[in-house]
**Student:** 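Got a structure for you, questions after.
Only this structure's heavy atoms are used, side chains among them; waters, hydrogens and symmetry mates stay out. These numbers come from a predicted model, not from an experiment. To find a chain, count down the sequence lines: A is the first, B the second, and so on, and within it residues start at 1.
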There are 2 protein chains.
Amino acid sequence: MRIADEDITSAARIRDAAVRCFARAGFDASLRTIADEAGVSLGLIRHHFGSKEGLRAACDERVLWLMDDLGRTKAQSPSPIDAAFAAMADRPELEPAVLYLMRGLAAGGQFSAAVVDQMTASLEEYLEKGVADGSIRPSGDNRARARYLVLSGVGGMLLHFMQSGDWSERAWRDFSALSTRPSLELYTQGLLATSDFLDAYTALSSDGVEGGDA
Amino acid sequence: MRIADEDITSAARIRDAAVRCFARAGFDASLRTIADEAGVSLGLIRHHFGSKEGLRAACDERVLWLMDDLGRTKAQSPSPIDAAFAAMADRPELEPAVLYLMRGLAAGGQFSAAVVDQMTASLEEYLEKGVADGSIRPSGDNRARARYLVLSGVGGMLLHFMQSGDWSERAWRDFSALSTRPSLELYTQGLLATSDFLDAYTALSSDGVEGGDA
DNA sequence: CGCGACGCTATACAAACGTATAGTCTCTTA
DNA sequence: TAAGAGACTATACGTTTGTATAGCGTCGCG
């Protein structure tokens with residue numbers, strides 16, 4: 001059959017099948033399931049990837065590459081996750097990768113930290129620009145703010161996924177519908193009518209090294 | 001030894017040991033580990049609880065009861081999770097229960113949904129009172145706002161736990177230190193300098209059934 | 001005393017999993 | 001053509017898991 005059956009190498013077929021399985025069932029998906037999905041034997045996975053961990057690493061790399069590519073193609077967004085899901089409308093073949101990304105975030109560890117770090121850096125830059133042109137309010141610590149916003153946004157979405165048990169585009173759509181208005185409200189007008197709490201916290205902090213605002 | 005060795009029944013010892021083990025290692029903790037922790041045989045767990053699921057249900061009930069009790073004792077807070085962690089300073093014996101709560105939230109499913117629902121209801125009431133006395137800004141949909149805030153807050157904390165891999169009070173303290181200032185900033189002054197996005201979204205929504213604010 | 005109920009243990013069972021090994025087939029290369 | 005490397009499969013190993021069963025000891029009650 002040479003390289004005529006599927007156009008891509010078996011290792012790539014296995015990797016793509018693994019991404020699909022992990023996206024669908026989480027990282028508890030068995031190697032046998034993946035082997036079936038890829039249409040190969042169990043041993044071939046080991047032959048190419050050494051271990052489940054090795055396969056997982058290959059999947060991580062692949063998904064990060066796809067997301068990176070997607071990030072380069074599409075316009076920047078304050079929320080890369082939302083951008084990724086939105087991109088699925090045009091390119092449905094990306095669905096497993098995006099869902100895998102969510103699984104990876106939920107699983108914690110190095111992969112999750114890397115993704116969050118990257119998203120934080122991206123958002124920090126976005127916010128910085130916004131502050132410069134006056135569309136975003138300044139912050140006492142822009143990096144901490146970016147990290148907090150990423151953690152909250154992604155974490156909230158993950159919690160929604162885990163609760164619904166529905167790891168699909170539908171879950172993302174549901175979450176978007178539920179959270180867009182409240183988040184816009186919060187981002188626009190805040191929550192507290194006075195700055196008493198913030199003032200108290202700022203005063204309580206050791207010294208006034210960070211300037212106040214508004 | 002009658003009932004002198006530990007003062008509580010074996011079933012309760014098993015349940016408490018299970019809460020500790022689940023809190024420490026997640027719900028993948030094996031029944032044998034729990035049996036060892038409780039100082040009983042594997043069979044006794046089955047004898048009392050029927051199955052792992054049964055044990056899990058007993059733990060759920062126990063933890064919810066403890067949290068309920070804690071909620072009744074301590075003053076109400078906009079963030080029951082923070083209140084629970086804060087209470088651990090006085091009552092360290094609650095630590096496994098609080099950590100179990102986090103594990104349960106992260107695991108999703110019915111337990112997670114129930115906890116989030118209860119927290120949402122609690123926060124909604126809190127916000128409503130705040131709106132009434134003018135300390136909280138009004139919202140077009142107070143219930144949706146409460147749910148969004150709970151999902152984001154809890155989700156963000158969970159993501160931090162999962163990333164650090166540290167399911168302990170320390171992780172909570174770290175997260176608090178990192179998120180208090182940004183959240184206060186966001187709650188006080190918002191993020192966007194203008195209401196353009198919110199206005200556009202409101203206009204885009206089918207009709208003006210929900211009144212504007214501020 | 002006799003006997004059943006209950007708390008409790010020890011052991012076994014079957015399934016699922018990741019991993020390891022031996023071997024087959026098919027190209028490539030000298 | 002012969003040899004070797006690499007893709008690929010079939011099968012087995014050892015561990016861990018939840019679950020099931022058989023039995024032991026003790027207490028309370030008729």
**Student:** So how far is it from B:Lys52 NZ to B:Arg46 CZ, rounded to the nearest 0.5 Å?
**Tutor:** 14.5 Å
**Student:** Please report the distance, rounded to the nearest Å, between CZ in A:Arg46 and P in D:dC8.
**Tutor:** 16 Å
**Student:** For B:Phe49 and D:dG18, what is the distance between atoms CZ and P respectively, to the nearest whole Å?
**Tutor:** 15 Å
**Student:** D:dT19 C1' sits how many Å from B:Glu53 CD, rounded?
**Tutor:** 13 Å
**Student:** Would you indicate which nucleotide in C:dT9, D:dA7, D:dT19 comes nearest to any side-chain atom of B:Ser51?
**Tutor:** D:dT19
**Student:** Over how many whole Å does the gap from B:Arg13 atom CZ to C:dC8 atom C1' extend?
**Tutor:** 11 Å
**Student:** Ignoring hydrogens, what is the shortest heavy-atom contact between B:Ala97 and B:Val63? Give both atom names and the distance.
**Tutor:** O-CG1, 3.6 Å
**Student:** Has A:Ser10 got a side-chain N or O lying under 4.0 Å from the OP1 or OP2 atom of D:dC8?
**Tutor:** yes
**Student:** Aromatic rings A:Tyr100 and A:Phe22: how do their planes relate, parallel, tilted or perpendicular, breaks at 30° and 60°?
**Tutor:** tilted
**Student:** Report yes if some heavy atom in the side chain of A:Phe175 is under 4.5 Å from a heavy atom in the side chain of A:Phe85; otherwise report no.
**Tutor:** no
**Student:** Just the rounded figure in Å: distance from C1' of C:dA10 to CD1 of B:Ile45.
**Tutor:** 15 Å
**Student:** Ignoring hydrogens, what is the shortest heavy-atom contact between B:Cys21 and B:Ile34? Give both atom names and the distance.
**Tutor:** CB-CG1, 3.8 Å
**Student:** Hey, which sits more toward the 5' end of DNA chain C by its nearest nucleotide, B:His48 or A:Gly50?
**Tutor:** B:His48
**Student:** Looking at residues at least two apart in the chain, or sitting in another chain, which of them share a salt bridge (charged side-chain N to carboxylate O under 4.0 Å, His left out) with A:Arg173?
**Tutor:** A:Glu169
**Student:** Let me have a per-nucleotide readout for nucleotides 11-17 of chain D, 5' to 3', with B, S or -, counting only protein heavy atoms under 4.0 Å.
**Tutor:** -B----B
**Student:** In whole Å, what is the span from the CG atom of B:Leu44 to the C1' atom of C:dT11?
**Tutor:** 16 Å
**Student:** Quick one: side chain to side chain contact (heavy atoms under 4.5 Å, CB included) partners of A:Tyr201, sequence neighbours excluded?
**Tutor:** A:Ser205, B:Thr180, B:Arg181, B:Leu184
**Student:** Any side-chain N or O of B:His47 under 4.0 Å from OP1/OP2 of C:dG7?
**Tutor:** yes
**Student:** Tell me the interatomic distance from B:Ile8, atom CD1, to C:dG7, atom C1', rounded to whole angstroms.
**Tutor:** 16 Å
**Student:** Whole angstroms only, please: what is the CD1-C1' distance between A:Ile34 and C:dG18?
**Tutor:** 12 Å
